J.: 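Sharing a structure with you now.
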Protein chains: 2
Amino acid sequence: MPDPIRLLLADDHRMLRETLKRSMLDEGFDVVGEASDGQEAVDLADELQPDVILMDVTMPEFDGVEATRRIVERRPEARIVMLTMHADQDVIASAIRAGASGYLVKDCSFDEVAATVREAISGEVSQQVAASMLREAKGLADDAESVITKREIEVLQLIADGCATPEVAEQLFISQKTVKNHLASIYAKLDARDRTQAVLQAVRMGIVRLY
Amino acid sequence: MPDPIRLLLADDHRMLRETLKRSMLDEGFDVVGEASDGQEAVDLADELQPDVILMDVTMPEFDGVEATRRIVERRPEARIVMLTMHADQDVIASAIRAGASGYLVKDCSFDEVAATVREAISGEVSQQVAASMLREAKGLADDAESVITKREIEVLQLIADGCATPEVAEQLFISQKTVKNHLASIYAKLDARDRTQAVLQAVRMGIVRLY
DNA sequence: TACGAATTGGGCCGCACGACCTATGTAGCC
DNA sequence: GGCTACATAGGTCGTGCGGCCCAATTCGTA
């Protein structure tokens, strides 16, 4: 029998982390660590050098996509499988661009999780990921256009936190006009027509957190 | 050794359902069924007569609180432990009024899950639930006020789905003015000042779904 | 160096939105 | 029969919001 695959789990919900850990151990994987936010995931990935990282998109500090970016930057050979609530095309594309090796929706079966982790090691990519990469290759502007900038994320997060335009402006030390400009840009990128839709889409994509 | 506790799991995410099932089986519980939406939970509760139901608040068809209400209506002796993402006071209160025996945030440990299920059987209630009941007993209007009506939920869901006021009115065959009246009522109940905050709060509370 | 992208701002316009008040019909309930 | 809650709808008023124009600065990078 070969050495067991060394896993790092990153998800902000302890219940899922613990039950997933038990199941993965059952399946013969070696769960070497658990992270509950993006920062911790990056730190532990550095320290433990796991074979595969199972990472949720939605996490505190910074999200799974950003964590993936930082981990891959230091260790391009790292294998990262992303987890999300919703099968969002933009998130899949972002995850792949960040360097993820696989992608799973939380509605999938546990067997799929185990299979995808093994595929990540062997270099194969799941159908979902392949399909998405194809779409990306075809050059669907949909995603090249939808690169939400850091500043735009800050604006979205503040609005999700309950701020109106003047308060967002105050918090970021910019004029209300600039906030509105950022919002207009966000609407175009997220295909939203108002702040409500923009924030909901951002929540679905995991680029904004709901406290 | 006494008979194992017969469990029904209700959560719309297959991954959590399956990993939780494995862990509960490990712990000596007998998982007799799984439901992925509110309707299925009610049906299976009827059919399988489980000792305890572990039920997520956020589910398709109708949410966990409504499912709890319907189950308890037919079988007042049913023991139901609610699961949610966020520790929202209103949701806890609603769940208890609906007849839940316990309450767990998804950030809790697996041991807490097992313990709460056992407590649900023995009739004890968790500290969280007790604290909430105390608050309710103290008569914090906060919650008597915040009974969102069916119509209000319909309005909220349509807005979450991307409808603007005229579209909500059209969908529900009412005037725009009535929609705005419902919204005003919702703002007061959810302590929100605009539709964005109202929808986000509704998502947190699990009374509205994010597709 | 020159180009594009990000970030910052301005002005203008029209409408949607939220606050506040009133009112009617229809239920359910004591 | 009254009481309360819900759903329905109207009006008015101010302003927040989004659409659409434009422009300056600072970057990284091609």
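Note that the structure is a prediction, hence the values are computed from the model and not measured. Note that these values count all heavy atoms, side chains included, but never hydrogens, waters or copies made by symmetry.
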J.: Indicate for each nucleotide in nucleotides 24-30 of chain D, in 5' to 3' sequence, whether protein heavy atoms under 4.0 Å reach the base (B), only the sugar-phosphate (S), or nothing (-).
T.: -------

J.: I'd like the P distance from C/dC21 over to D/dT8, given in whole Å.
T.: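 Pairwise P distance, D/dT8 against C/dC21, rounds to 23 Å.
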
J.: Starting at CD1 of A/Ile159 and ending at C1' of D/dG18, how long is that distance when rounded to a whole Å?
T.: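 So the CD1-C1' distance, A/Ile159 to D/dG18, works out to 12 Å.
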
J.: Would B/Arg209 and B/Asp12 count as a salt bridge (Lys or Arg N to Asp or Glu O under 4.0 Å) if you check the C-alpha gap in whole Å, the side-chain angles of each, and the deciding distance to 0.1 Å?
T.: CA-CA 11 Å; B/Arg209 282 194 59 78; B/Asp12 54 334; 3.2 Å; yes

J.: Report the distance from atom CG of A/Asp191 to atom P of D/dG19, rounded to the nearest whole Å.
T.: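 In whole Å, D/dG19 P and A/Asp191 CG are 12 Å from each other.
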
J.: Assess whether a salt bridge exists between A/Glu47 and A/Arg75, defined as any Lys/Arg side-chain N lying under 4.0 Å from an Asp/Glu carboxylate O.
T.: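 Between A/Arg75 and A/Glu47 there is no salt bridge, as every charged N stays at least 4.0 Å from the carboxylate O atoms.
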
J.: Strictly below 4.0 Å, N to O, side chains only: are B/Lys150 and B/Glu154 in salt-bridge contact?
T.: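 Salt bridge flag = no for B/Glu154 with B/Lys150.
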
J.: Applying side-chain hydrogen bond (donor to acceptor under 3.5 Å, both in side chains), name anything that partners A/Lys21, two or more places apart in sequence or on another chain.
T.: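 A/Lys21 satisfies side-chain hydrogen bond (donor to acceptor under 3.5 Å, both in side chains) with A/Glu34 once adjacent residues are dropped.
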
J.: May I ask you to say whether A/Asp11 pairs ionically with A/Lys106, meaning some side-chain N is under 4.0 Å from a carboxylate O?
T.: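 Salt bridge flag = yes for A/Lys106 with A/Asp11.
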
J.: Within the structure, does a side-chain N or O atom of B/Tyr187 lie under 4.0 Å from either OP1 or OP2 of C/dG18?
T.: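 Checking B/Tyr187 against C/dG18: at least one side-chain N or O falls below 4.0 Å of OP1 or OP2.
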
J.: Taking only side-chain nitrogens and oxygens of B/Ser185, does any of them come within less than 4.0 Å of OP1 or OP2 of D/dC6?
T.: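 Indeed not, no polar side-chain atom of B/Ser185 lies that close.
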
J.: Can you tell me the distance, in whole Å, between the CD atom of A/Glu154 and the C1' atom of C/dA6?
T.: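 Interatomic distance, CD of A/Glu154 to C1' of C/dA6: 13 Å.
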
J.: Closer to the 5' end of DNA chain D via nearest nucleotide, is it A/Ala192 or B/Lys150?
T.: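 It is B/Lys150, whose closest nucleotide lies nearer the 5' terminus.
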
J.: Rounded to whole angstroms, how far apart are CD on A/Glu170 and P on D/dG16?
T.: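 It is 14 Å, rounded to the nearest whole Å.
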
J.: Considering only D/dG18, D/dA7, C/dG18, which nucleotide approaches the side chain of B/Arg195 most closely?
T.: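 Ranking D/dG18, D/dA7, C/dG18 by closest atom to the B/Arg195 side chain puts C/dG18 first.
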
J.: Just checking, is any N or O donor in the side chain of A/Arg204 or A/Thr84 under 3.5 Å from an acceptor N or O on the other one?
T.: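 No, because no side-chain N or O of A/Arg204 sits under 3.5 Å from a partner of the opposite role on A/Thr84.
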
J.: Quick one: is A/Arg193 getting a side-chain N or O under 4.0 Å of the D/dG19 phosphate, OP1 or OP2?
T.: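 No.
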
J.: Measure from CD on B/Glu167 to P on C/dA16 and round the result to the nearest Å.
T.: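 About 11 Å, once rounded to whole Å.
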
J.: Using a strict heavy-atom distance below 4.0 Å, which residues from residues 171-181 of chain A are in contact with DNA chain D?
T.: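 Result for residues 171-181 of chain A: A/Lys177, A/Lys180, sorted by number.
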
J.: Measure the distance from CG on A/Leu190 to C1' on D/dG18 and round it to the nearest whole Å.
T.: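 Atom CG in A/Leu190 sits about 15 Å away from atom C1' in D/dG18.
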
J.: May I ask you to verify if any side-chain N or O of A/Thr149 is less than 4.0 angstrom from the OP1 or OP2 atom of C/dT7?
T.: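 The answer is yes; a side-chain N or O of A/Thr149 sits under 4.0 Å from OP1 or OP2.
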
J.: Is any side-chain N of the basic residue among B/Asp46 and B/Arg70 closer than 4.0 Å to the acidic one's carboxylate O?
T.: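 No, this pair does not count.
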
J.: Can a donor-acceptor pair be found between the side chains of B/Thr116 and B/Tyr103 at a distance below 3.5 Å?
T.: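 The answer is no; no qualifying pair exists.
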
J.: Check whether the side chains of A/Ser109 and B/Glu18 place a donor and an acceptor atom closer than 3.5 Å, and report yes or no.
T.: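 No - no donor-acceptor pair under 3.5 Å links their side chains.
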
J.: Establish, with yes or no, whether the OP1 or OP2 oxygen of C/dA16 is under 4.0 angstrom from a side-chain nitrogen or oxygen of B/Thr165.
T.: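 No, because none of the side-chain N or O atoms of B/Thr165 sits under 4.0 Å from OP1 or OP2 of C/dA16.
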
J.: Figure out the CD1/P separation between B/Ile186 and D/dT8, and round it to whole Å.
T.: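 Spelled out: CD1 on B/Ile186 to P on D/dT8 is 12 Å.
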
J.: What are the two closest heavy atoms between B/Val113 and B/Cys108, and how far apart are they?
T.: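 Here B/Val113 and B/Cys108 meet closest at CG2-SG, 3.8 Å.
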
J.: Among C/dC17, C/dT8, D/dC17, which is the nearest nucleotide to the side chain of A/His182?
T.: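 Nearest listed nucleotide: C/dT8.
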
J.: Nearest whole angstrom, please: distance from the P of C/dT7 to the CD1 of A/Ile148.
T.: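 Value for this atom pair: 11 Å.
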
